[in-house]
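In the text below, chain A, chain B and the rest are named by the order of the sequence lines, each starting its count at 1.
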Protein chains: 2
Amino acid sequence: MLAAREEAIIQNVNRLLAEKGFDAMTVDEVAAAVGIAKASLYKHFPSKEDLAAAAMVRVMRRAQQFLASVDPALPMLDKLKSAVRWTLQVRLAGQMPSLPSQNSSLRAALMSSRDYRDALTGIGEQLGEWIEAGQREGAVDPKLPSAAVLYTLYARACDPVVEFLKAAGQHTDEQIVDLVLSTCFDGLSAR
Amino acid sequence: MLAAREEAIIQNVNRLLAEKGFDAMTVDEVAAAVGIAKASLYKHFPSKEDLAAAAMVRVMRRAQQFLASVDPALPMLDKLKSAVRWTLQVRLAGQMPSLPSQNSSLRAALMSSRDYRDALTGIGEQLGEWIEAGQREGAVDPKLPSAAVLYTLYARACDPVVEFLKAAGQHTDEQIVDLVLSTCFDGLSAR
DNA sequence: GTCTATATTGAGATAGAC
DNA sequence: GTCTATCTCAATATAGAC
């Protein structure tokens with residue numbers, strides 16, 4: 001029961017974070033969405049930051065599950081593309097929590113969460129392996145530091161191009177995914 | 001005198017927006033930085049949103065000036081690269097105001113400002129010309145809608161990769177600029 | 001653990017004198 | 001146009017009964 005309630009809370013936080021972002025999301029809203037009193041919410045999570053952290057851990061765990069399910073036989077480049085594709089699909093489904101890039105209280109709360117750190121390093125290690133293997137096999141640009149590649153992939157999780165293209169209304173979700181994948185891996189210059 | 005004071009205000013807003021972002025920046029801080037009382041600030045700008053709009057207009061006007069100064073003889077791709085390079089340099093100098101991507105009151109205030117809309121469309125038209133000319137001459141990927149290219153260039157103004165690389169401390173500012181330019185125009189895949 | 005009711009405070013905005 | 005002092009209010013968080 002308790003776990004189910006907390007799952008309901010996290011699910012709503014996740015959705016609200018995706019819709020409005022951390023600053024615009026209020027704890028009152030979350031409580032109303034779940035259908036409980038705000039004070040009850042605070043029995044489960046001690047602060048708004050912890051709510052955000054729980055939502056982030058949830059989506060990052062799902063990302064890890066996805067990465068673990070990727071066909072190991074695929075070329076490294078395809079593995080990386082499928083990871084980015086998964087991220088973009090989650091975003092277009094309105095289920096990617098969006099946090100401010102600079103917010104010290106939030107960053108502190110995230111980094112003090114063991115679960116968050118573990119999920120983040122887990123994802124980073126998996127992608128890092130694929131990136132470096134991809135560079136060895138000549139598919140990923142070997143001139144780029146692997147960390148730069150990793151950050152560039154991470155950044156697709158909050159790339160405003162997705163919302164721009166969505167707002168423009170000229171493309172289906174699938175087309176948006178393909179466009180962002182193309183610019184990310186092939187660049188803007190003609191090949 | 002009045003214009004000079006307002007210039008001082010905008011300059012401080014610009015810096016604070018670059019440092020902390022819109023939500024974390026407080027009007028009290030701005031007043032303190034300028035060295036005037038908060039009430040005096042409100043004689044110049046009617047709201048916090050208007051402060052942000054003024055800062056954005058300022059940097060966008062500078063961007064337009066830069067675009068106008070680019071050598072017309074350059075290949076289109078080099079013109080586009082120099083535009084992105086300028087943006088990244090402004091960011092690394094800590095002078096690019098950062099706004100939340102989703103904030104309805106702020107977006108409304110920005111879009112209700114004639115100066116803002118004019119600057120935005122001016123930049124969009126100039127870059128749009130270069131993009132489409134670049135596609136005609138085969139330098140910019142012709143498979144991409146020109147709007148998608150434009151959005152991708154715009155997005156470099158708030159790409160978190162810049163801060164990630166800066167925080168990692170492994171690269172000079174020049175190297176960071178080159179890395180982001182490389183991933184933006186040439187992609188992550190090997191060529 | 002859930003509720004109602006309340007405390008607290010940070011921050012945008014304003015009043016009114018000079 | 002500048003100041004000090006104040007208003008207002010939203011939003012995080014808590015007290016205390018059940």
Side-chain angles (χ1 to χ4, degrees), chain A residues 1-17 19-56 97-100 102-110 112-113, chain B residues 1-17 19-56 97-100 102-110 112-113:
Chain A
M1 291 301 99
L2 184 139
R5 165 124 314 169
E6 298 200 340
E7 172 60 21
I9 293 171
I10 296 175
Q11 211 171 317
N12 278 283
V13 169
N14 198 72
R15 182 177 50 80
L16 287 165
L17 281 180
E19 279 173 21
K20 336 180 49 164
F22 180 77
D23 288 307
M25 180 188 80
T26 71
V27 179
D28 290 273
E29 272 175 331
V30 176
V34 178
I36 63 175
K38 182 162 57 168
S40 308
L41 199 54
Y42 275 97
K43 299 283 182 183
H44 291 280
F45 298 92
S47 75
K48 183 182 177 182
E49 281 76 15
D50 287 275
L51 284 173
M56 285 303 296
S98 85
L99 307 181
Q102 304 163 318
N103 183 324
S104 49
S105 84
L106 180 57
R107 288 191 80 82
L110 291 180
S112 76
S113 155
Chain B
M1 290 301 99
L2 183 140
R5 167 126 311 170
E6 297 199 341
E7 172 60 21
I9 293 171
I10 295 174
Q11 210 170 317
N12 278 283
V13 169
N14 197 73
R15 181 178 50 79
L16 288 166
L17 281 180
E19 278 172 22
K20 335 179 53 163
F22 180 76
D23 288 307
M25 180 188 80
T26 70
V27 179
D28 289 272
E29 271 175 333
V30 176
V34 179
I36 63 176
K38 182 162 56 167
S40 309
L41 199 56
Y42 275 96
K43 299 285 182 182
H44 292 279
F45 298 92
S47 75
K48 184 183 177 183
E49 282 77 15
D50 287 275
L51 284 173
M56 285 303 296
S98 85
L99 306 182
Q102 304 163 318
N103 182 324
S104 49
S105 83
L106 181 57
R107 287 190 80 81
L110 291 181
S112 75
S113 155

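B/L99 CG to B/L17 CG: the interatomic distance, rounded to the nearest 0.5 Å, is 6.0 Å. Once rounded to the nearest 0.5 Å, the distance linking OG of A/S98 with CE of A/M56 reads 9.5 Å. Atom CG in A/L51 sits 10.5 Å away from atom CG in A/N12 (nearest 0.5 Å). Rounding to the nearest 0.5 Å gives a distance of 11.0 Å between CD of A/E19 and CE of A/M25. The distance from the CZ atom of B/R5 to the CD1 atom of B/I10 is 13.0 Å, given to the nearest 0.5 Å.
Residues A/H44 and A/L2 are in side-chain contact: their nearest non-hydrogen atoms beyond the backbone lie under 4.5 Å apart.
Using a 4.0 Å heavy-atom distance criterion, A/M1 is classed as making no nucleic acid contact.
Note that the first and last nucleotides of DNA chain C, 5' to 3', having any atom under 4.0 angstrom from a heavy atom of chain B are C/dA11 to C/dA15.
Whole-Å rounding puts the A/D23 CG to D/dT12 P distance at 10 Å.
Taking every heavy atom of both residues into account, B/A55 and B/N14 meet most closely at O-OD1, 3.8 Å.
For residues 39-56 of chain B, there are no salt bridge (charged side-chain N to carboxylate O under 4.0 Å, His left out) pairs, not counting sequence neighbours.
A heavy atom closer than 4.0 Å to some atom of DNA chain D occurs in A/K38, A/A39, A/Y42, these being the qualifying members of residues 29-45 of chain A.
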